Number of protein chains: 2
Amino acid sequence: MKIGIYGYGNLGRGVEYSASQNSDVEVVGVFTRRDPSTVKTALGAQVFSAADVERFKDEIDVMIICGGSATDLPKMTPMIAKCFSVVDSFDTHPKIPEHFAAVDSAAKSAGTLALISAGWDPGMFSLNRLYSTSILPDGENYTFWGRGVSQGHSDAVRRIDGVLDARQYTVPREEALEAVRSGENPALTTREKHLRECYVVAEEGADLERIENEIKTMPDYFADYDTTVKFISSEEMKRDHSELPHGGFVIRSGKTGGGAHSHTIEYKLTLDSNPEFTAGVLVAAARAVYRMKSRGETGCITLFDVAPRDLSPLTPEEQRATML
Amino acid sequence: MKIGIYGYGNLGRGVEYSASQNSDVEVVGVFTRRDPSTVKTALGAQVFSAADVERFKDEIDVMIICGGSATDLPKMTPMIAKCFSVVDSFDTHPKIPEHFAAVDSAAKSAGTLALISAGWDPGMFSLNRLYSTSILPDGENYTFWGRGVSQGHSDAVRRIDGVLDARQYTVPREEALEAVRSGENPALTTREKHLRECYVVAEEGADLERIENEIKTMPDYFADYDTTVKFISSEEMKRDHSELPHGGFVIRSGKTGGGAHSHTIEYKLTLDSNPEFTAGVLVAAARAVYRMKSRGETGCITLFDVAPRDLSPLTPEEQRATML
């Protein structure tokens, strides 16, 4: 299977690494909107200009689109799907139906196959919500995020006057996790499930009390949460907070036997690198797209539409013998 | 969707309960090898003789076969698949390829669709091994069982002279779980991962020391494990050990980014009732069989071949809007 990587930030680099772990996957090239001569790939993939992508129509089986969900993917995915079968990691949950419709229309008229919203949430977490709900219809789903870096919240802190750098971690509340695991099916809002931890590098002489107060009272982002703020040096920031860990939990608890018995299904991710894990899902999804496309499927799909068999490089016989 | 339940023990009763939680599922009847007049169903499903099952060929969409893996299913599933699309929970792992081939041949020649080995292991645990391995190719899978009742080991203890009743729990070793979660990828045998706890009701005046010694030195079952034996009264057995809880963990830990980052995927089940949870998987699988059969698919499949979408009663639009 020959793939292209459209966009080369943390996620694109993760896809290049992930492809190197899969012997059935070949990276034809990286496509960038920057000047290709300024982009150095981690493992030596060739770099081309995004403007030339159509020339590769017959050389690439699946294009993995590594752009951001806010502004890139809503335009990029329908556009690229006119030439290529594609995979993206669109993760703005409330806008998924709209994105799905736009991509479906583009892919259907071009005769390509497009899988959107692959990653971990949406992605592996979504699959777990769907499987668990199908098995235990009488129950509740709970999703917790973290411990991990939230880019949006980190950016919000960075915009405060006197802040040089900031990192915000979303942290699941242990007591909320325990209440859910116990099968009590508590009603919990997002803020009751999570804490927010901020690490901040302030300008010399800045009013730390004011900064802390501005963070803790920031509407939408922090005001309704239990938020802690810790001031650190830029050396500490670099040493302790330069990675992008993330993860979380999907828990479903449900009843059977006329209410006599409780069951808990818990799926937990602990990720050193959010983009590299997402990249692993994208590459497995690209394999499924390649296979399903060669069976004649077109239009827009998600991981919900993919038989897990198609994600694996093993034959169905090998899968049954080693993993069933 | 109209289902039949072939066999009515703990699992068949679980299927009857699970069907009642799914408004798109109707139970046409229970089929038993016993005298139908002696079988009382939990929720009032009609009972018929297994000998009459062929008469229901046109009235039942999917037959859920609720027999044991040791002797029932290897005969029953290929036999019933000659008349009906079926689902079973065949769980003798090393014999799955053989069972698959026998069922595939029967179903293909009859034009029916048969899904085997649904449940939690094989079943949900298998799915997690497959998904995780596809996403993180460079890593290791670990499966832990328990804390839960092992029927085979309980039976082995019951056969010892002087034992009136016994219950054996398989328990994951906490230190083995922690070593796996840490990403160390330790090499662990089944016995290094599990402890065995036995609760025994002895005959009055029996030699407890001899019984304990016979248990702990029993080859294959206990000799190589850390085993604890506790003698209890038959009242305590009834009060504290009459349920069939089970569960366990599937954990994969893997590297990305050229080895720079570690990730851990953990799937955990905590089940009050092993057969009732398995029944939930069987009913969802029956829904997928019904849909896939109506799209023309025949032969033998497993959960690996099922797009998760087909397990859910929701429409694809509803699934994307609420669970993606």
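Throughout, a chain's letter reflects where its sequence line sits, starting with A, and its residues are numbered from 1. This is a predicted model, so every value here is computed, not measured. Atom set for the values below is all heavy atoms of this structure, side chains included, hydrogens, waters and symmetry mates excluded.
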Most heavy-atom pairs under 4.5 angstrom with chain B, which of A/Ser18, A/Gly280, A/Gly257? A/Gly257
Highest number of heavy-atom pairs under 4.5 Å with chain B: which of A/Gly14, A/Pro122, A/Ser273, A/Ser117? A/Ser273
Where on [X] is there a heavy atom nearer than 4.5 Å to chain A: the side chain, the backbone, both, or neither?
X: B/Phe304; result: both
X: B/Leu311; result: both
X: B/Asp121; result: side chain
X: B/Ile265; result: both
X: B/Asn128; result: side chain
X: B/Asn22; result: side chain

Keeping the roles fixed (side chain from [X], backbone from [Y]), state whether a donor-acceptor pair exists under 3.5 Å.
X: B/Gln21; Y: A/Pro137; answer: no
X: B/Ser89; Y: B/Gly119; answer: no
X: A/Arg252; Y: A/Arg129; answer: no
X: A/Ser69; Y: A/Asp91; answer: yes
X: B/Asn274; Y: B/Gly247; answer: no
X: B/Glu98; Y: B/Lys95; answer: no

Would B/Thr133 and B/Asn141 count as having a side-chain donor-acceptor pair, cut-off 3.5 Å? yes
Between the side chains of B/Tyr131 and A/Tyr131, does any donor sit under 3.5 Å from an acceptor? yes
Any idea which of [options] has the most non-hydrogen atom pairs under 4.5 angstrom with chain A?
options: B/Leu303, B/Leu130, B/Val281; value: B/Leu130
options: B/Glu317, B/Arg13, B/Arg309; value: B/Arg309
options: B/Asp138, B/Leu127, B/Ile96; value: B/Leu127

Test side-chain contact (heavy atoms from CB on, under 4.5 Å) applied to A/Val250 and A/Tyr142, step by step: CA-CA 6 Å; A/Val250 171; A/Tyr142 297 88; over 6 Å; no
Contact part of A/Phe249 toward chain B, heavy-atom cut-off under 4.5 Å: side chain, backbone, both or neither? neither
With a 6.0 Å cut-off on ring centres, are A/Phe277 and B/His261 close enough? no
By number, which residues in residues 282-302 of chain B have some heavy atom less than 4.5 Å away from chain A? B/Ala284, B/Thr302
Applying salt bridge (Lys or Arg N to Asp or Glu O under 4.0 Å) to B/Asp272 and not counting sequence neighbours gives none
A/Glu174 with A/Arg181: basic N within carboxylate O range, under 4.0 Å: yes
